[in-house]
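These numbers were taken from a predicted model, which means no experiment stands behind them.
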Amino acid sequence: MRLKRAVSVWAVVVSSLGLFATGASAFRHPSPRGRCHIRMYVVPRHISAGEQVTIFGRLVCRGRASAAGQEVRLFHHLRGVPGFTFVQSTTTDTGGFYQFQNADTPVQTSRLFHVRSHGAESANRIVRVAPQVTLSGPPEGTQILTGAPNRVTFTGMVSPANVGARVILQRQNALTGSEWRRIDLGRVQANGEFSITHAFIVPGDASLRVLVRSQGRDVPGESNVLSYEISQAQNSALTIEASANPIFFGQSVVIDGILAGATSQPVTLLARTATQPVFTPVAQATTDTAGRYSFPAQAPINSTFYKVQGAGKTSAVLFEGVKNVLAAQVSATSIQEGQTLSFTGSVAPSHPGHVVYLERRNASGTAFHVVQIGTLTAQSTFSITYQVYGTGSQVFRIYVPGGPENEGAASQLFTVQVTPAPAGTLTPEAPGNSTQPPEGSESGGEKSSSEGGGFEGRDERPHGLGRH
């Protein structure tokens, strides 16, 4: 029997991810003579490294066999370790129900579980674990300029460290916030750190994240998102600057600058958005005796590209980011484990069909990761429901990823106290309870990070600005 179990364990490995096949949980072993059988559920099925897992179920017996007060033993199987290993035990209640709260702590890697009790063995269940990934860079709102002299370094941490794993720097480039494209690459170092230095080529909004592929050890993990405004390097003969960048929807901005050596010269402000094919004039001004100019305040609805023309000269392209205005609320701040929270709100300006992320703070408390995805309605409102597992204090927020039209925005933090629930009241996780963002595309013009990301122009062009 033990030999057969060892063979079956190794048969469940999935070659593409190095994880476990769903077929491993396709059968249960009843006790001798079929007197008892035991069911087991693992929730949630997908977690970030270090988060809690609850394991629960019921022992059912017939005839004289009793399901009450029976020991239930939990076992796990880890990739690269032969067979199943005993983890911990608990006892069934009077109805045969049992649970392991915060089971197998800490859960840092994907694994299989099963339980045994009173001669019965459950089916195998898998928990898929993504690494904790944090991304750091210049403070959000920093004006980043194009070109090799203005390279920017992004750093971060991956936990657990997976030396050599690919770290893919991605830029969001769909109007609905749902498409990520690679712009550079890095690798996880021995201490779990990574560093990617990148030169931006195309002006526009830059909502950035990294995706870590863990060499088959775990499922891919995505980082928090950082937002920047990318503008062209200045033309010293005709400069262009903004009084604030970015601004929130509903605010205004003053565009000014200097036309070198020009007195009382007319200058024209031209603008376009990501969805407009050409620049068009939007304002006129005249330089003073020092060549300075200032246009009337502009109140763009969407993020806008600006440039100035005068005296036969053209300025660099300035990208003015306009951030979404997000309103959000939660249905409760204290619930029992297994119950459902509802997050509702609205986004302005209107973006029907745009994605909305429900994010939970990582176990380390350093960043957030996506646990559920919703979509804005025709009225630019959203409603996201999420079945919460794990106990204690959990911190959530709503995040609307940016894109060419408007920059992303995060809500206030929602701290929810999750209390334990009796084993008999717990229910399996709903099939669609945890949806994850797309991993994004890796196709097209790739070069290694050591080559400076020269493929970026192709990857970023969907942001709506060609080479100017």
Side-chain angles (χ1 to χ4, degrees), residues 39-58 72 74 76 87-88 90-93 95 97-108 110-111 113 115 125-132 134 159 221 224 328-345 356-374 382-399 410-436:
R39 293 176 180 172
M40 182 197 73
Y41 301 95
V42 181
V43 291
R45 298 180 298 267
H46 184 291
I47 66 170
S48 178
E51 290 185 330
Q52 295 183 36
V53 168
T54 296
I55 296 175
F56 67 96
R58 188 180 188 185
V72 180
L74 176 66
H76 72 203
V87 177
Q88 61 195 104
T90 189
T91 304
T92 60
D93 64 15
F97 294 99
Y98 69 91
Q99 67 172 304
F100 298 90
Q101 288 183 343
N102 203 7
D104 202 15
T105 302
V107 179
Q108 299 284 9
S110 299
R111 59 198 60 195
F113 289 103
V115 294
R125 303 285 183 181
I126 186 173
V127 59
R128 290 179 168 85
V129 182
Q132 289 190 60
T134 58
S159 178
N224 52 299
Q329 49 275 329
V330 66
S331 58
T333 56
S334 179
I335 62 170
Q336 273 195 335
E337 182 177 20
Q339 292 183 339
T340 298
L341 287 174
S342 178
F343 295 84
T344 57
V356 180
Y357 292 162
L358 172 62
E359 299 182 325
R360 183 169 57 207
R361 181 179 284 168
N362 288 343
S364 63
T366 58
F368 285 81
H369 64 281
V370 178
V371 295
Q372 190 73 298
I373 297 179
F382 62 88
S383 179
I384 300 175
T385 58
Y386 182 66
Q387 193 175 7
V388 182
Y389 291 100
T391 58
S393 179
Q394 299 191 28
V395 180
F396 298 89
R397 74 176 185 181
I398 295 293
Y399 185 80
S411 73
Q412 72 273 32
L413 302 184
F414 300 103
T415 301
V416 179
Q417 298 299 326
V418 186
T419 58
T425 66
L426 289 171
T427 58
E429 188 175 21
N433 185 56
S434 181
T435 53
Q436 299 297 307

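The shortest non-hydrogen separation linking Ile398 to Ala328 is CG1-CB, 4.0 Å.
Taking the side-chain contact (heavy atoms from CB on, under 4.5 Å) definition, one finds that Ser342 meets it with Ser331, Thr344, Ser383, Thr385, sequence neighbours left out. Under the ring-ring contact (aromatic ring centres under 6.0 Å, His included) criterion, Tyr399 pairs with no residue, sequence neighbours left out. Not counting sequence neighbours, Ser48 has no partner by the side-chain hydrogen bond (donor to acceptor under 3.5 Å, both in side chains) test. The side-chain hydrogen bond (donor to acceptor under 3.5 Å, both in side chains) test applied to Gln339 returns no partner, not counting sequence neighbours. Contacts of Tyr41 classified as ring-ring contact (aromatic ring centres under 6.0 Å, His included), with partners at least two apart in sequence or in another chain: Phe56. Taking Phe396 as the reference, Phe343 meet the ring-ring contact (aromatic ring centres under 6.0 Å, His included) condition, with sequence neighbours excluded. Listed by chain and number, the residues in a salt bridge (Lys or Arg N to Asp or Glu O under 4.0 Å) with Arg397 are Glu359 (sequence neighbours excluded). With sequence neighbours excluded, the residues that form a side-chain hydrogen bond (donor to acceptor under 3.5 Å, both in side chains) with Tyr389 are Gln387. Qualifying salt bridge (Lys or Arg N to Asp or Glu O under 4.0 Å) partners for Asp93, counting only residues two or more places apart in sequence or in other chains: none. Glu51 meets the side-chain hydrogen bond (donor to acceptor under 3.5 Å, both in side chains) test with Arg360, His369; sequence neighbours excluded.
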Donor-acceptor contacts under 3.5 Å from residues 417-426 side chains, at least two apart:
unit_1	atom_1	unit_2	atom_2	d
Gln417	NE2	Ser393	OG	3.4
Thr419	OG1	Ile335	O	3.3
Thr425	OG1	Pro422	O	2.7

Fill in: side-chain contact (heavy atoms from CB on, under 4.5 Å) between Met40 and Val42, intermediate numbers included
CA-CA 7 Å; Met40 182 197 73; Val42 181; 4.0 Å; yes
Discussion item. Could you go through Val87 and Phe100, starting from their C-alpha distance and side-chain angles, then the distance that decides it, and tell me whether this counts as side-chain contact (heavy atoms from CB on, under 4.5 Å)?
Written reply: CA-CA 11 Å; Val87 177; Phe100 298 90; over 6 Å; no
Discussion item. Quick one, Glu337 with Thr54, criterion side chain to side chain donor-acceptor pair (under 3.5 Å). Give me CA distance, side-chain angles, the key distance, then yes/no.
Written reply: CA-CA 9 Å; Glu337 182 177 20; Thr54 296; 2.4 Å; yes
Practice prompt. Kindly determine whether Asn102 and Thr391 satisfy side-chain contact (heavy atoms from CB on, under 4.5 Å), including the steps that lead there.
Written response: CA-CA 8 Å; Asn102 203 7; Thr391 58; 5.8 Å; no
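With a 4.5 Å cut-off on side-chain heavy atoms, Phe414 and Val395 do not count as touching.
Sorted by first and then second residue, the salt bridge (Lys or Arg N to Asp or Glu O under 4.0 Å) pairs involving residues 419-436 (not counting sequence neighbours) are Arg45-Glu429.
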